[in-house]
Structure formats: C-alpha cells, structure tokens
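Note that the structure is a prediction, hence the values are computed from the model and not measured. Counting starts at 1 for both ligands and their atoms, following the listed order. Just so it is clear, the values below take in all heavy atoms, side chains as well, and ignore hydrogens, waters and symmetry mates.
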Amino acid sequence: MISPLVVHDISKSFGSGDSKVLAVDRVSFQVEEGEVVVIIGPSGCGKTTLLSLLGCLLRPTSGEISILGEEVTRLSERRRAQFRLRHIGFVFQSFNLISALNATENVEIALNLAGMTGAAARRRVSGLFELLDLTQRASMRPNDMSGGEQQRLAIARALANRPDIIFADEPTASLDSRAGRAVMELMQSAVEAGETKGLVVVTHDMRILDVAHRVLAMEDGVVREVDAATIRRAQANLAGDAGP
Ligand SMILES: Nc1ncnc2c1ncn2[C@@H]1O[C@H](COP(=O)(O)OP(=O)(O)OP(=O)(O)O)[C@@H](O)[C@H]1O
Ligand SMILES: [Mg+2]
C-alpha cells in the first residue's frame with residue numbers, strides 16, 4: 001500500500017548570509033493510511049513552514065516529499081498547483097479567506113476550481129455549513145464573522161473537495177472546546193470513512209493529542225517522534241503543580 005505521505009530529509013531556509021534562517025532542518029517522517037499525526041512545538045519553531053512544504057505551498061530547499069506516491073517536489077509550479085487542488089485540503093493558520101466574497105462563495109470558488117459547479121456545488125456547501133454550524137452565516141462576508149466562524153469557514157473550504165490528505169495549521173485555535181471537538185471529529189471522520197487517507201495537524205491544543213496516532217515534537221526546525229502518553233502525563237503534572 002502506498003503511504004499517503006513520505007517526507008524524506010527536507011530542509012527549508014529563508015534569506016541568506018547573516019540573516020539566513022533554517023526554518024525546517026532535515027525532517028523525515030511518514031504518514032500511513034488512516035493515520036492522524038499531530039505536530040506540536042513552540043512559536044517560531046517552523047511548524048507553519050513545514051506544513052506549507054507538505055501542502056505544496058512552498059518548495060523545500062532540499063529533500064523530497066511524496067504524496068500518494070507522487071513526488072511533488074519534482075513537479076512544475078503548474079502541475080503542483082493542480083495536484084494541490086485535486087488532492088490536498090489545507091487549513092491556514094491565518095484562514096486566508098477572500099474578503100470580497102461571502103461565506104458561501106468562499107467555499108464555492110474552491111469547488112468551481114476543481115470542476116464542481118451549480119446545484120451540486122450549492123448542495124455540498126450547505127451540507128458542510130450544516131456540519132460546521134455556519135448555515136446562519138452563509139451570506140456574510142468573512143470580516144463580519146467572528147474568529148471562530150472564520151476558522152470553521154476555512155475548514156469547510158479545506159474539506160470541500162473531499163481531499164485525499166488534510167494539513168491543518170492550528171485548526172482549533174479560535175474555537176471553544178465544544179466547537180474545537182466538533183471540527184476535529186469532522187476531520188477525523190473523513191479519515192475513518194476512508195474519504196481522506198491522512199491528516200496532519202499542527203496544534204498547541206493538548207486535547208487534540210487524544211486523537212493522534214502519532215505525535216511529532218518540533219523544536220528549532222527539527223522534528224522527533226514522541227510518546228503521546230508521556231506528553232499527556234507531563235501536562236497533567238504541570239496542571240497539578242499549578243493547582244491549589
Ligand atoms: N517567508 C519567510 N521569510 C523569512 N523568514 C521566515 C518566513 N517564514 C517563516 N520564517 C521564519 O521561519 C521560522 C519559523 O516560522 P514558522 O512560521 O514556520 O513558525 P511556527 O512554528 O509556525 O510559529 P507559530 O507557532 O508562531 O505559528 C521563524 O523564525 C520565522 O521568522
Ligand atoms: Mg505557525
């Protein structure tokens with residue numbers, strides 16, 4: 001069986017000379033079919049850069065990424081954009097919604113680009129909006145929506161084309177615990193149903209560790225695999241220490 005994602009020794013640096021930043025430093029890991037992988041790490045350690053490389057939004061300085069057996073790092077810019085549209089769902093940390101379009105149109109545009117139009121597209125949008133509790137916001141512009149609503153809209157757009165793999169950057173950061181659980185369950189259920197073959201989530205939200213098959217800890221651009229149970233225990237101890 002082909003692994004949905006194989007990352008081999010990728011690095012990404014920005015700038016040059018004294019101002020050079022090595023944001024991702026020789027990272028390798030793999031996501032097997034049906035797996036949820038969670039990446040944790042402090043601010044600035046390179047999580048968004050890593051996810052952008054995986055999501056074909058940035059090209060690594062070196063190393064290879066294979067998604068569904070396709071070596072995406074070798075594709076031309078145009079082929080990579082097509083591959084992204086067809087196979088990848090990406091939830092941006094900063095949402096990246098189009099402010100001139102209303103909520104429905106923000107999702108419809110993604111469907112239209114992938115070839116779904118008219119009534120079929122409208123049905124898909126209303127189904128997603130129901131699941132994500134956005135029906136009442138369908139004709140609102142992103143700037144008039146709350147942070148949590150914008151986040152759920154960004155998730156609706158990422159899921160719209162039933163992507164083979166989902167990369168989600170802090171998808172629960174603006175949500176309360178109930179809404180956070182709901183969006184995680186939605187993404188997880190796409191994986192469990194086999195509709196999506198893998199999910200990689202960057203998060204500070206320790207509750208998400210509960211759904212992780214594997215946890216990667218990132219620090220200064222370097223990734224290592226850690227035991228989720230150990231992290232949960234450490235968290236519980238910290239919470240205990242902080243108590244009365
Ligand atoms: N386009 C860019 N040009 C120059 N430096 C960049 C660029 N993007 C990221 N960096 C640098 O790379 C490093 C990693 O940034 P990144 O955004 O990946 O971190 P992060 O782990 O996602 O942080 P946060 O948790 O705050 O979102 C930082 O030092 C950042 O300043
Ligand atoms: Mg980030």
Side-chain angles (χ1 to χ4, degrees), residues 5 7-31 36-65 67 72-73 77 80-81 84 88-97 142 146-155 157-159 163 165-177 179-180 183-184 187 198-212 214-226 228 231-232 234-235 238:
L5 176 70
V7 180
H8 179 68
D9 206 20
I10 57 167
S11 296
K12 178 70 182 176
S13 55
F14 295 109
S16 59
D18 284 349
S19 63
K20 183 166 165 171
V21 176
L22 184 57
V24 171
D25 187 2
R26 306 198 60 179
V27 167
S28 297
F29 70 97
Q30 201 155 319
V31 176
V36 178
V37 172
V38 169
I39 303 174
I40 54 171
S43 181
C45 73
K47 303 181 298 296
T48 294
T49 306
L50 174 60
L51 216 58
S52 305
L53 294 170
L54 306 181
C56 301
L57 297 157
L58 281 179
R59 215 191 252 279
T61 311
S62 61
E64 292 93 45
I65 300 166
I67 301 177
V72 291
T73 28
E77 197 77 25
R80 229 155 24 109
R84 202 166 64 223
I88 296 175
F90 201 95
V91 181
F92 292 87
Q93 186 170 17
S94 48
F95 312 142
N96 280 19
L97 298 164
S146 74
E149 288 162 355
Q150 291 180 48
Q151 186 149 47
R152 299 203 302 279
L153 180 55
I155 290 164
R157 184 187 52 189
L159 294 174
I165 189 156
I166 300 172
F167 300 110
D169 199 350
E170 300 278 7
T172 62
S174 304
L175 304 177
D176 63 27
S177 61
V183 304
M184 279 312 299
M187 290 194 284
L199 168 62
V200 181
V201 189
V202 162
T203 191
H204 283 104
D205 184 348
M206 290 301 152
R207 291 164 303 187
I208 292 181
L209 292 183
D210 293 343
V211 305
R214 251 149 12 93
V215 181
L216 305 175
M218 192 164 191
E219 208 172 331
D220 293 333
V222 177
V223 155
R224 71 193 160 85
E225 192 159 340
V226 292
I231 296 184
R232 274 196 291 267
Q235 285 285 319
L238 280 176

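For a distance bound of 2.8 Å, the N, O or S atoms of Thr48 include one lying that close to the Mg ion (ligand 2). At a cut-off of 2.8 Å, Gln93 coordinates the Mg ion (ligand 2) through an N, O or S atom.
You'll find the side chain of Val200 reaches within 4.5 Å of the side chain of Leu51, heavy atoms only. Taking the side chain as every heavy atom from C-beta outward, Val72 and Arg84 never approach each other to under 4.5 Å. Side-chain contact between His8 and Ile65 is absent, with no heavy-atom pair separated by less than 4.5 Å. Using a 4.5 Å heavy-atom threshold, the side chains of Met218 and Val202 count as separate.
Across every non-hydrogen atom of Arg80 and Leu58, the tightest pair is NH1-O, 3.8 Å. Looking at every heavy atom in both residues, Ser13 comes nearest to Leu22 through CB-CD1, 4.1 Å. The minimum heavy-atom distance between Thr73 and Gly63, with the atom names listed, is CG2-O, 4.0 Å. Considering all non-hydrogen atoms of both residues, Pro171 and Val183 come closest at O-CG2, 4.3 Å.
The nearest protein atom to atom 17 (O) of ligand 1, hydrogens excluded, is given as Thr48 CB, 3.8 Å; this is a heavy-atom distance. The protein non-hydrogen atom at the shortest distance from atom 27 (O) of ligand 1 is Gln93 NE2, 2.9 Å. Given atom 16 (P) of ligand 1, the protein heavy atom at minimum distance is Thr49 OG1, 3.7 Å. In terms of protein heavy atoms, atom 12 (O) of ligand 1 is closest to Ala23 CB, 3.5 Å. The shortest contact between atom 1 (N) of ligand 1 and any protein heavy atom is with Phe14 CE2, 3.6 Å. Protein heavy atom nearest atom 26 (O) of ligand 1, with residue, atom name and distance: Ser43 OG, 2.6 Å.
The shortest N or O to N or O distance between Glu170 and ligand 1 is not below 3.5 Å. For Gly46, a nitrogen or oxygen atom sits less than 3.5 Å from a nitrogen or oxygen atom of ligand 1, counting backbone and side chain alike. Annotation: Lys47 places an N or O atom under 3.5 Å from an N or O atom of ligand 1; distance criterion only. Annotation: Cys45 places an N or O atom under 3.5 Å from an N or O atom of ligand 1; distance criterion only.
The neighbour count for Glu225 CD, taken as heavy atoms of other residues, nucleotides or ligands under 6.0 Å away, is above 12.
At least one heavy atom of Gly44 sits under 4.0 Å from some atom of ligand 1. Remark: distances from the non-hydrogen atoms of Met218 to ligand 1 are all 4.0 Å or more.
With a 4.0 Å heavy-atom cut-off, ligand 1 is reached by the side chain of His204 but not by its N, CA, C or O.
For atom 30 (C) of ligand 1, no protein non-hydrogen atom is found at a distance below 4.0 Å.
Applying the side chain to side chain contact (heavy atoms under 4.5 Å, CB included) test between Val215 and each of Val36, Val226, Val37, Ile39 identifies Val226 as the sole match.
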